[in-house]
**Student:** 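This is the structure I want to talk about, given as structure tokens.
Please read these numbers as outputs of a predicted model, since none were measured by experiment. Indexing begins at 1, ligand by ligand and atom by atom, following the structure's order.
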Amino acid sequence: MTCISSAFKALCLSLLFLNAVASRPTNRPKVFNVQRYGAKADGKADNTKAFTNIWKSACTRKGGNSKIYVPKGTFYLGGVQFVGPCANQIEFVIDGTLLAPSNPRDIKNDTWIQFRYINNLIISGAGTLDGQGKESWPLNDCHKNPSCPKLAMTMGFAFVNNSRINGITSLNSKMGHFNFFSVHHFNITEVTITAPGDSPNTDGLKFGFCSNINISKTHIGTGDDCIAILSGTTNMDISNVNCGPGHGISVGSLGKNKEEKDVNGLTVRDIVFNGTSDGIRIKTWESSASKILVSNFVYENIQMINVGNPINIDQKYCPHPPCEKKGQSHVQIQDLKLKNIYGTSTNKVAVNLQCSKSFPCKKVELIDINLEHKGVEGGPSTAVCENVDGSARGTMVPQHCLN
Ligand SMILES: *[C@@H]1O[C@H](CO)[C@@H](O)[C@H](O)[C@H]1NC(C)=O
Ligand SMILES: *[C@@H]1O[C@H](CO)[C@@H](O)[C@H](O)[C@H]1NC(C)=O
Ligand SMILES: *[C@@H]1O[C@H](CO)[C@@H](O)[C@H](O)[C@H]1NC(C)=O
Ligand SMILES: *[C@@H]1O[C@H](CO)[C@@H](O)[C@H](O)[C@H]1NC(C)=O
Ligand SMILES: *[C@@H]1O[C@H](CO)[C@@H](O)[C@H](O)[C@H]1NC(C)=O
């Protein structure tokens, strides 16, 4: 198109613009408002079937992306499985509340809301996943009762890639809140996770066989680990997380099973632990079946407020004694940097580095540690070292015990 005179310039430009808009493929997703597709927001009617059907339509749609929208209101939902692969990107926007059955027997699987075999999934919104765990917590006694009921985790991702969660709240899970298995390239931002400090096994975020995971700007307070990092997980970046109550950011437990894989490449930065039993924690079983490597970890700029065991490497993990004692842990821990870790410890031992006699910890670097004892015992904080090799520089409270 050639524009001859300036009098036609405006018209010319607008024609060009219209042309450009018309020829661009439309990217607006098709919206599936669950209320318009048969879901009821009365907190009572079971929406499992409606959600399952909506997922099928959204996932198989070929013309473009899909957006499943949960508006404000309370949607009761039984156990559901959202399975891919899907034809295109799916957004799941939750502004309302998804309400789990309060009776744990009403969820048949190990996860209340499960996503599997999906690429390009985006979960967002200002809404809440209400796991209604209160009725389940007293039933959680499996270490002493073999006929204990199976309790479901709130939301699970398995074989999910290039995806993210932003902004939602998870409340009172029955077991863990979010579980990730074989998930790669996944971002978690601005998520809130809440359960009482005495609710059993209500882990916040749990990972196994995952890679390239980013977690930031997230608040986690539960009765178990804020974040649990298990076998086969690599390249994880955790920053700006508030943790408490709970058991801290935990690697392990590791070494119990044969099929375990290395855990490498963890960065934990700008974290506040407030009132947790542990802060930085690595735990491996004393009698381990697998010989694996735990390496390349950086912990930096971490505040501890009244934390039980701020820095805790425990290679003789045994939660319910007595444990089998077949020898020392075969998990090798190495290349660990801890820098600018400060605040208060409620136990005297603020730095506990109890490594394996068979595979001593290697290259542990302590830089600017300032952890004061603030507990009933009185006296200054202390450090414990067993089978650990490394170096220390800068401020060092308690005095280090590395050789
Ligand atoms: C339970 O999980 C299996 C596979 O893991 C699946 O086939 C089944 O549909 C699930 N049942 C429910 C009720 O979600
Ligand atoms: C996800 O990524 C992993 C590792 O890159 C790959 O093996 C797997 O096939 C991918 N899964 C899907 C559903 O694309
Ligand atoms: C995760 O966030 C980073 C920026 O921090 C971005 O580059 C990347 O594309 C995001 N990945 C996904 C899968 O959303
Ligand atoms: C994770 O965050 C780091 C630093 O914030 C960034 O460099 C990296 O690209 C992010 N990775 C992913 C997979 O989003
Ligand atoms: C730590 O937790 C206590 C008790 O919940 C709370 O009062 C306090 O404001 C928290 N401190 C910080 C810095 O978040």
Side-chain angles (χ1 to χ4, degrees), residues 29 55 59-60 65 67 81-93 114-125 156-168 178 180-199 204-205 207-223 226 231-249 261-262 264-265 267-279 301-308 310 341-346 371-372 374-375:
W55 174 264
C59 179
T60 52
N65 297 341
K67 176 165 156 179
Q81 301 248 331
F82 299 129
V83 183
C86 298
N88 279 294
Q89 175 180 292
I90 302 214
E91 261 182 273
F92 210 119
V93 182
Q114 170 87 304
F115 293 93
R116 287 192 291 149
Y117 305 108
I118 305 164
N119 282 321
N120 303 311
L121 171 70
I122 302 171
I123 296 177
S124 67
F157 299 85
F159 312 102
V160 170
N161 291 345
N162 299 313
S163 297
R164 62 177 187 262
I165 308 180
N166 171 260
I168 60 170
F178 292 96
F180 299 82
F181 179 80
S182 195
V183 167
H184 308 281
H185 294 100
F186 198 107
N187 291 345
I188 298 162
T189 51
E190 297 176 275
V191 170
T192 302
I193 299 172
T194 308
D198 59 359
S199 57
L205 302 164
F207 300 87
F209 295 94
C210 294
S211 72
N212 298 297
I213 307 290
N214 270 17
I215 304 169
S216 65
K217 298 183 196 147
T218 286
H219 288 252
I220 309 172
T222 74
C226 287
S231 166
T233 298
T234 61
N235 210 1
M236 234 177 129
D237 191 295
I238 303 172
S239 64
N240 294 292
V241 169
N242 270 299
C243 167
H247 298 177
I249 296 181
K261 293 271 187 303
D262 296 348
N264 294 326
T267 304
V268 179
R269 272 182 296 121
D270 304 315
I271 309 290
V272 178
F273 292 101
N274 187 356
T276 54
S277 66
D278 297 78
N301 305 334
I302 296 180
Q303 184 179 11
M304 305 282 179
I305 305 170
N306 298 326
V307 172
I341 318 287
Y342 59 97
T344 52
S345 171
T346 59
L371 294 166
E372 298 198 29
K374 193 178 140 197

**Student:** At a heavy-atom distance under 4.0 Å, which protein residues reach ligand 2? Sort them by chain and number, would you?
**Tutor:** N119, N161, H184
**Student:** Counting C-beta onward and ignoring hydrogens, is there a side-chain heavy-atom pair between F82 and L121 closer than 4.5 Å?
**Tutor:** no
**Student:** Any heavy-atom pair between the side chains of R164 and T189 that's under 4.5 Å?
**Tutor:** no
**Student:** Any donor-acceptor pair under 3.5 Å linking the side-chain atoms of H219 with those of T192?
**Tutor:** no
**Student:** Is there a side-chain contact between I215 and M236, using heavy atoms and a 4.5 Å cut-off?
**Tutor:** yes
**Student:** With a 3.5 Å cut-off and no angle check, do the side chains of D270 and N301 form a donor-acceptor pair?
**Tutor:** yes
**Student:** For ligand 5, which atoms sit closer than 4.0 Å to a heavy atom of I305?
**Tutor:** 12 (C), 13 (C)
**Student:** Centroid separation under 6.0 Å, is that true for the rings of F209 and F180?
**Tutor:** no
**Student:** Within a distance under 4.0 Å of any heavy atom of N274, pick out the atoms of ligand 5 and give their elements.
**Tutor:** 1 (C), 2 (O), 3 (C), 8 (C), 10 (C), 11 (N), 12 (C), 14 (O)
**Student:** Do ligand 3 and S163 have nitrogen or oxygen atoms that lie under 3.5 Å from each other?
**Tutor:** no
**Student:** side-chain contact (heavy atoms from CB on, under 4.5 Å) with V183: which of I213, T233, N162?
**Tutor:** I213
